[in-house]
Amino acid sequence: MSDVLLAAPSRRSLSLHDAKVRGIIYQLLLAVSLLALAVGIAVQTASNMRARGIPLSFGFWNEAAGFDINQTLIPYDTLSTYGQAFWVGVVNTLYVSLLGIVLATVLGFVVGIARLSPNWIVSKVAASYVEIIRNIPLLLQLLFWYNAVLKALPAPRASIELPGGIYLNNRGLIIPEIQLYEGAGTVELAFLAATIFCGAFWSYARRAQNRTGKQLPVLWVILAALIGLPLIVFLLVGSPVSFVMPELKGFNYRGGHQLYPEFAALLIGLSVYTASFIAEIVRSGIQAVPKGQTEAAHALGLAPGKTLRLVIVPQALRIIIPPLTSQYLNLTKNSSLAVFIGYPDLVQIFAGTVLNQTGAAVQVMAITLSVYLAISLVMSMAMNTFNQRFAIVER
């Protein structure tokens with residue numbers, strides 16, 4: 001019994017020297033310290049805001065904004081709330097970012113493949129594009145596209161007339177506006193059904209090729225489904241679409257849909273700039289594929305185009321996708337530079353106009369930062385999921 005009583009304190013004292021126990025204690029102390037620091041900062045910030053008359057609540061969210069926004073994809077007017085203005089900024093940011101990602105990806109792949117072209121002129125032009133564009137600051141490029149290119153276009157009365165009732169001037173691109181009538185919903189359902197069919201057929205074609213080696217005409221079937229089925233339904237329901245043509249009245253055009261120069265300058269600048277980095281990613285990814293793969297494809301009788309599309313690019317995607325994710329994130333965050341050319345994105349509307357009118361700097365900035373963080377995390381998760389489909393599975 002005495003031996004047991006003497007051994008018990010010894011075991012308790014030894015536990016204090018256990019590395020795992022010490023680690024837990026250090027983690028708890030660090031967590032408590034960080035929590036105390038955060039509480040201290042919050043208390044001091046609240047005290048300073050009260051002393052300066054800065055609002056502490058989010059009550060401004062439902063107040064009338066009182067300012068106009070010239071480019072909106074969702075309903076908004078001067079009587080709308082600050083909350084509605086926030087959503088206009090979010091939608092505008094996502095709109096230009098997603099379009100920019102699509103255009104930058106297409107242009108980047110074209111330029112990246114062109115850099116590897118055996119044609120000397122094509123490869124040198126692509127290389128010059130990459131070296132020039134990616135070494136000029138993005139802000140300067142945005143200002144160039146806006147002030148030197150788009151703003152230098154003629155006035156509305158001297159607009160450049162393009163085929164199809166399209167006009168180009170220093171106030172933007174004016175195109176005919178589409179009006180939908182009864183039956184247009186049926187055409188949209190037909191297009192949705194065609195899209196679902198294309199996805200199912202593409203999946204079936206891949207499984208059939210992996211199983212038998214036979215290639216089905218996927219491209220032609222997809223084009224026929226996406227164009228043919230909606231077109232047939234469109235004609236059957238009586239062509240439920242008309243176009244409102246723009247007309248010059250006074251000093252500007254009335255009717256039609258206007259694409260503002262601020263939006264065009266931002267979209268072009270982001271796409272062209274990001275594409276120069278994507279081109280280098282594509283070039284390095286293709287060059288990382290062993291040359292033996294190309295030689296084996298040629299030995300099997302595959303044409304250069306099919307070799308690139310079926311053999312090289314699928315393997316290169318395993319290398320391309322991870323750095324491509326970073327460029328997509330950069331493009332989305334770089335869209336905040338829209339404030340310098342007047343495009344109404346989240347930063348200009350919410351972190352600019354709303355902050356100045358309400359004075360709720362902490363709340364507005366916290367919301368703005370949270371939105372960009374959420375967009376980046378969702379985009380990263382989506383790209384990581386996409387990357388798993390092309391990752392090498394070890395056996």
task = May I ask you to decide if G199's main-chain N or O and S203's side chain share a donor-acceptor pair within less than 3.5 Å?
result = no
ask   = Among pairs that include at least one residue of residues 120-140, which meet salt bridge (Lys or Arg N to Asp or Glu O under 4.0 Å), considering only residues two or more places apart or in two chains?
value = E131-R134
request  = Run the numbers on S380 and L329 for side chain to side chain contact (heavy atoms under 4.5 Å, CB included), then give the verdict.
outcome  = CA-CA 8 Å; S380 298; L329 295 176; 3.5 Å; yes
task = State the CG-OG1 distance between L107 and T274, to the nearest 0.5 angstrom.
result = 10.0 Å
message = Using every non-hydrogen atom in the two residues, find where I286 and I113 come nearest and quote the distance to one decimal.
response = CD1-CG1, 3.9 Å
ask   = Can you list the steps and then say if F60 with V364 is a side chain to side chain contact (heavy atoms under 4.5 Å, CB included)?
value = CA-CA 10 Å; F60 67 90; V364 168; 4.1 Å; yes
query = Rounded to the nearest 0.5 Å, how far does CD1 of I133 lie from CD of Q141?
reply = 4.5 Å
request  = Would you check if the side chain of Y146 reaches a backbone N or O of L266 as a donor-acceptor pair within less than 3.5 Å?
outcome  = no
task = Quick one: closest heavy-atom pair of G285 and I319, and the distance?
result = O-CD1, 4.0 Å
Step-by-step side chain to side chain contact (heavy atoms under 4.5 Å, CB included) determination, Y204 to L216 = CA-CA 9 Å; Y204 167 77; L216 299 177; 3.7 Å; yes
inquiry  = Give me each pair satisfying salt bridge (Lys or Arg N to Asp or Glu O under 4.0 Å) with a member in residues 268-293, each pair once, sequence neighbours excluded.
reply    = R115-E280, E280-R283
request  = Could you tell me whether the side chain of I367 reaches within less than 4.5 Å of the side chain of F86, counting heavy atoms only?
outcome  = yes
ask   = Once the angle between the rings of Y95 and F263 is folded into 0 to 90°, is it parallel (under 30°), tilted (30 to 60°) or perpendicular (over 60°)?
value = parallel
Per-pair distances, 0.1 Å, donor-acceptor, side chain in residues 336-347, under 3.5 Å, sequence neighbours excluded:
residue : atom : partner : partner atom : Å
S336    : OG   : K333    : O            : 2.7
Y343    : OH   : N92     : O            : 3.1
D345    : OD1  : Q348    : N            : 3.1

ask   = Does a donor on one side chain and an acceptor on the other come within less than 3.5 Å for Y82 and Q357?
value = yes
request  = Under the side chain to side chain contact (heavy atoms under 4.5 Å, CB included) rule, collect the residues that match up with M383, sequence neighbours excluded.
outcome  = I321, T325, Y328
Validation row, ring centre W87 to ring centre Y76 under 6.0 Å = no
request  = Mark yes when over 12 heavy atoms from residues, nucleotides or ligands other than L369 sit less than 6.0 Å from its CG; otherwise mark no.
outcome  = yes
ask   = Do side-chain atoms of Q84 reach the backbone of P75 as a donor and acceptor pair under 3.5 angstrom?
value = yes
message = Can you confirm whether the side chains of E247 and Y253 place a donor and an acceptor under 3.5 Å from each other?
response = no
query = For atom CG of L29, is the number of surrounding heavy atoms from other residues, nucleotides or ligands below 6.0 Å larger than 12?
reply = yes
I349 CD1 to L355 CG distance, which is reported to the nearest 0.5 Å = 13.5 Å
Transitive ILVMFWY side-chain link L226 to F234, under 4.5 Å = no
key: Hphob cluster co-occupancy, I160 + I166, side-chain heavy atoms under 4.5 angstrom   = yes
request  = Report yes if the side chains of F67 and V354 come closer than 4.5 Å at any heavy-atom pair, otherwise no.
outcome  = yes
ask   = Under 4.5 Å between any side-chain heavy atoms of T195 and F191, yes or no?
value = yes
note = For S335 and S97, the nearest pair of non-hydrogen atoms, with its separation, is OG-OG, 3.7 Å
task = Calculate, to the nearest 0.5 Å, the distance between atoms CD1 and OG belonging to I74 and S80 respectively.
result = 8.5 Å
ask   = At what distance, to the nearest 0.5 angstrom, does CG of L377 lie from CE of M381?
value = 8.5 Å
message = Are L103 and L324 linked, directly or through intermediate hydrophobic residues, by side-chain heavy-atom contacts shorter than 4.5 Å (ILVMFWY only)?
response = yes
query = Restricting to pairs with a member in residues 56-77, which pass salt bridge (Lys or Arg N to Asp or Glu O under 4.0 Å), not counting sequence neighbours?
reply = none
key: Side-chain hydrophobic cluster, 4.5 Å single linkage: members besides I196   = L192
request  = Measure the spacing between CZ of F350 and CE of M365 and express it to the nearest 0.5 Å.
outcome  = 10.0 Å
ask   = Considering only heavy atoms from C-beta outward, does the side chain of V218 approach that of C198 to under 4.5 Å?
value = no
Linked, directly or transitively: V96 and L138 (ILVMFWY side chains, under 4.5 Å) = yes
Heavy-atom pair of closest approach, residues F197 and A225 = CD2-CB, 3.8 Å
inquiry  = Any side-chain to backbone donor/acceptor pair from S271 onto I268? Under 3.5 Å, distance only.
reply    = no
inquiry  = Are Y260 and V149 linked, directly or through intermediate hydrophobic residues, by side-chain heavy-atom contacts shorter than 4.5 Å (ILVMFWY only)?
reply    = no
ask   = Is there side-chain contact between V111 and S276, with heavy atoms separated by less than 4.5 Å?
value = no
task = Indicate the atoms forming the closest heavy-atom contact of T368 with A351, along with that distance.
result = OG1-CB, 4.0 Å
request  = Verify side chain to side chain contact (heavy atoms under 4.5 Å, CB included) between I101 and T332, making sure each step is shown before the conclusion.
outcome  = CA-CA 8 Å; I101 286 173; T332 303; 4.2 Å; yes
inquiry  = With heavy-atom distances below 4.5 Å as the criterion, would you say the side chains of L168 and S159 are in contact?
reply    = no
Minimum-distance pair of heavy atoms, taken over all atoms of A265 and L150 = N-CD1, 3.5 Å
message = Is it the case that the side chain of Q258 and the backbone of R171 share a donor-acceptor pair, with hydrogens and angles ignored and the cut-off at 3.5 Å?
response = yes
Main-chain N/O of N119 paired with S117 side-chain donor or acceptor, under 3.5 Å = yes
query = Less than 4.5 Å apart, any side-chain heavy atom of L142 and any of Y273?
reply = no
ask   = Are N169 and I174 side-chain neighbours, meaning at least one heavy-atom pair lies under 4.5 Å?
value = yes
